[in-house]
Asker: 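Sending over a structure as structure tokens; questions will come in a sec.
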Amino acid sequence: MMKVTQEVWGGQEALSSMPVADEAGLVLALGAPHFLRDPGVWQGLRARWPRASLVAASTAGEICGTRVLDESLVATSIRFERTRTRCERVAIDQASSEAVGQQLAERLLGPELRHVFVLSDGTKVNGSGLVRGLTRSLPANVTLTGGLAGDGARFGRTYVCLDEPSEAEAVVGIGFYGSDLRVGMGSLGGWDSFGPERRITRSEGNVLFELDGQPALALYEKYLGEHAAGLPASALMFPLTVRAEREGVGVVRTITAVDRAAGSLTFVGEVPSGHFARLMRANFDRLVDGAIGAAKTSLSALTGRSAELAILISCVGRKLVLKQRIEEEVEGVERVLGPKPVLTGFYSYGEISPFTPEARCELHNQTMTITTLAEA
Amino acid sequence: VHKLLERQLRKCFVESWPNGADFSRFCEMVEAAYHAGDEDRALLDRAIELASSELFERNRQLEHELAAVQRLELELRQAEKLRAVGQLAAGVAHEINTPIQYVGDSLTFLLETLPCLVGVVRLAQTASSLEELRAGLTRLDEAADIEFVLEQVPKALELTQDGVRRVAAIVVAMKDFGRPDAREKTSTDVNRCVEASMLVAQNELKNVADVQVELGNVPEVPGYPGELGQVVLNLLVNAAHAVAARFADRGERGLILARTSQEGDQVVVTIADNGAGILPEHQLRIFEPFFTTKELGKGTGQGLAIARSIVVDKHQGTLTFHSVAGEGTTFWLRLPTEASVASQPSRARPARST
């Protein structure tokens with residue numbers, strides 16, 4: 001059995017005034033970027049959990065139970081009965097995202113490694129490369145989930161820290177070790193494709209220059225109209241589904257930056273030349289259904305056991321679209337998982353998970369991605 | 001109550017307890033929701049409109065491209081037809097040359113015998129007595145065998161007429177092949193297509209095989225005569241090549257059968273040979289474009305692909321075959337008759353529900 005507690009802070013004073021809590025091995029602190037820049041917040045966290053690994057990420061909104069919050073810090077402390085955890089941090093620096101992923105995986109390798117949960121910087125990383133590096137170096141029986149940190153809808157500076165505040169862009173991985181841990185996962189979007197299929201005619205990694213020989217930025221500006229001034233955030237209204245073949249399953253990609261001079265768009269994941277792309281649009285009910293579908297998938301992998309902790313990583317694009325209705329998707333998840341598990345999580349710039357536990361782990365955008373944990 | 005309104009009411013009037021109802025916040029939330037709803041709808045309407053116009057434009061572009069492809073396909077078929085006829089040109093020239101030669105020989109004979117015949121006529125006009133006429137005829141008979149001339153002249157004229165007919169038939173067959181078909185299908189005499197193809201391929205066939213032709217009493221089919229002739233010609237030339245591949249080295253001749261018949265509401269053209277046959281591993285591929293087992297320069301691999309397209313796509317017929325390697329091949333070209341086409345519902349017309 002795991003022991004999970006959850007606390008929410010809206011300001012430093014409240015945090016620093018908290019007494020020492022029960023011994024927890026791991027604390028997940030998810031909050032607005034200004035919390036993670038603040039040394040006082042870190043002192044407060046350390047004072048409350050003196051011996052825990054403090055893993056923190058900035059967000060575009062926090063999930064606490066069925067509530068979706070802004071400008072708060074949600075700390076979830078986890079104490080496992082038999083499962084061991086180890087956390088590692090790798091700075092992004094000059095290394096390729098793939099190399100960073102590989103390095104992180106190698107550091108986490110160890111006997112009985114069961115699952116890796118990864119939190120990454122949200123704007124400087126090539127998420128596809130990171131996932132490729134991680135999956136290449138992890139044994140096939142080790143599952144992988146996680147997400148990319150956020151910075152509201154600003155797409156400015158994101159933070160991922162381990163035990164102390166840090167300005168450097170980094171990736172933090174949590175390794176879960178032991179045979180008593182059950183991990184479930186599921187990821188689903190719920191967006192609808194529309195309009196013509198376009199071929200990616202010029203791109204470099206995660207930077208897209210041209211679709212069908214035309215500047216990609218111009219296409220977004222045309223579709224967004226006056227909302228083009230709000231790029232890159234407003235592009236979340238029209239994510240792109242990218243697939244290698246005209247027919248087949250694709251991945252959803254959203255924009256994190258625009259370069260108006262170059263006419264280019266930067267995505268969280270790769271947008272390879274020669275692949276096919278199609279704009280997508282939101283359908284409120286289908287987004288909520290997507291979250292429910294992800295919850296069902298994540299639960300099925302626990303083979304009848306109830307989840308004790310569910311980490312929900314949902315895309316910032318869903319929050320911008322669903323607006324006041326955003327909590328509907330979290331409530332939908334709770335209806336599936338039941339009242340037992342503590343729900344925590346955040347709105348992200350990218351989600352890392354296989355669609356189903358048997359599938360290949362990929363970077364996603366615009367999905368609700370759920371990791372469920374239970375200890376036998 | 002709408003899910004969103006319920007949420008707003010709960011947040012502002014239930015969860016706000018014990019601080020009391022927050023009516024101003026409720027108003028703000030409702031206004032924000034209306035405003036966001038309007039904005040979202042406008043953005044999506046605009047996106048759908050843009051996507052529709054993009055799709056419309058692409059559709060138009062595709063129509064242009066399709067028309068261009070169809071034009072190219074037509075040109076390719078015409079070129080392939082002319083290429084096929086061109087490849088047979090030497091044989092066709094030979095087929096024309098043979099009658100031309102005996103027409104020439106007959107005319108030479110007629111010219112040589114003309115003085116004798118003219119002499120007889122002049123003698124008949126000028127002789128004053130029967131004795132003079134007999135003496136004159138004896139002189140003429142000594143110079144040229146009058147009985148022989150009388151016997152041979154009609155034969156020479158018949159030969160000349162036959163030769164001219166044969167040349168004319170070949171020229172008509174060549175014209176049938178060379179002329180592009182009309183845009184619309186016309187009533188097509190399949191037997192005439194087979195005969196024209198036989199004539200054009202005659203030289204190719206007669207050197208390697210004995211050809212048996214059995215033309216049945218078949219109705220006309222709606223079709224493109226030039227293109228159907230091209231299909232039959234292609235099958236005949238392939239049969240000639242297959243027969244040559246099996247027998248030529250042994251100095252033997254093969255058999256080729258060309259038959260037309262009616263089966264129900266279809267006209268069937270059967271082209272069979274006892275040539276080399278098609279290897280099992282090639283049988284699935286023979287209708288693929290550019291697939292050929294013939295040596296370089298002898299086949300482009302387009303013949304059967306185009307033949308199938310002509311039969312299936314343009315005539316709604318079938319082109320099937322049975323082949324045993326080393327024993328021979330039979331092709332069946334089945335074409336719907338006018339009656340069967342008339343009884344089929346039009347493909348272009350959508351089915352109407354009642």
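All of these numbers come straight from a predicted model, not from anything done at the bench.
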Asker: Quick check for you: among B:Arg7, B:Glu49, B:Lys3, which has the greatest number of heavy-atom pairs under 4.5 Å with chain A?
Answerer: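 Of B:Arg7, B:Glu49, B:Lys3, B:Arg7 has the most heavy-atom pairs under 4.5 Å with chain A.
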
Asker: Heavy-atom distances under 4.5 Å only: say whether A:Leu219 touches chain B with side chain, backbone, both or neither.
Answerer: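 Looking at A:Leu219, just its side chain touches chain B.
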
Asker: Which heavy-atom pair separates A:Val321 from B:Asp40 by the least distance, and what is that distance?
Answerer: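 It is O-OD2, 4.2 Å.
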
Asker: Would B:Glu39 and A:Lys323 pass as an ion pair if we require N to O under 4.0 Å?
Answerer: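 Result for this pair is no, no salt bridge flagged.
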
Asker: Is there a side-chain contact between A:Phe284 and B:Leu4, using heavy atoms and a 4.5 Å cut-off?
Answerer: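 They are not in contact (no side-chain heavy atoms under 4.5 Å apart), so the answer is no.
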
Asker: Looking at every non-hydrogen atom in both residues, tell me the closest pair between B:Ala47 and A:Tyr223 and how far apart they are.
Answerer: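 Looking at all heavy atoms of both residues, the shortest contact is O-CE2, 3.4 Å.
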
Asker: Side-chain contact test, heavy atoms from C-beta onward, threshold under 4.5 Å: evaluate it for B:Leu44 versus A:Met237 and give yes or no.
Answerer: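 No, their side chains stay 4.5 Å or more apart.
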
Asker: Taking atom CD of B:Glu31 as the centre, report whether more than 12 heavy atoms of other residues, nucleotides or ligands fall under 6.0 Å from it.
Answerer: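 Count not over threshold, so no.
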
Asker: Within a strict 4.5 Å, meaning less than it, do heavy atoms of the A:Glu327 and B:Lys11 side chains meet?
Answerer: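 Heavy-atom side-chain distance check passes, below 4.5 Å.
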
Asker: Salt-bridge test for A:Arg67 and B:Glu15: reply yes if a basic N is under 4.0 Å from a carboxylate O, no otherwise.
Answerer: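 Result for this pair is no, no salt bridge flagged.
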
Asker: For A:Glu197, is it the side chain, the backbone, both, or neither that has a heavy atom closer than 4.5 Å to a heavy atom of chain B?
Answerer: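 Only the backbone of A:Glu197 comes within 4.5 Å of chain B.
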
Asker: I'd like to check A:Arg281 versus B:Ile48 (side-chain heavy atoms, cut-off strictly below 4.5 Å). Are they in contact?
Answerer: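 The answer is yes, as the side chains (C-beta and beyond) meet within the 4.5 Å cut-off.
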
Asker: Under 4.5 Å from any heavy atom of chain A, what part of B:Ala32 do you find: side chain, backbone, both or neither?
Answerer: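 Backbone plus side chain of B:Ala32, per the 4.5 Å heavy-atom cut-off to chain A.
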
Asker: Can you confirm whether B:Leu284 is buried at CG, in the sense that more than 12 heavy atoms of other residues, nucleotides or ligands lie under 6.0 Å from that atom?
Answerer: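 No, the 6.0 Å shell around CG holds no more than 12 heavy atoms from other groups.
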
Asker: Should the heavy atoms of other residues, nucleotides or ligands under 6.0 Å from CD of A:Glu226 be counted, would the total exceed 12?
Answerer: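 Counting neighbours around CD of A:Glu226, 12 or fewer heavy atoms of other residues, nucleotides or ligands fall under 6.0 Å, so no.
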
Asker: Under 6.0 Å from the NE2 atom of A:His34, do we count more than 12 heavy atoms belonging to anything else shown?
Answerer: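 Enclosed.
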
Asker: Has B:Glu54 got a side-chain atom pairing as donor or acceptor with A:Pro196's backbone, closer than 3.5 angstrom?
Answerer: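 Judged by distance alone, no pair lies under 3.5 Å.
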
Asker: Tell me whether A:Lys296 at atom NZ has more than 12 heavy atoms from other residues, nucleotides or ligands lying less than 6.0 Å away.
Answerer: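 Incorrect, the count does not exceed 12.
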
Asker: Find the one option among A:His227, A:Glu328, A:Arg325 whose heavy-atom pairs under 4.5 Å with chain B are most numerous.
Answerer: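 Highest number of heavy-atom pairs under 4.5 Å: A:Glu328.
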
Asker: Which pair of heavy atoms, one from A:Phe194 and one from B:Ala51, lies closest together, and at what distance?
Answerer: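 Closest approach of A:Phe194 to B:Ala51: CD1-CB, 3.7 Å.
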
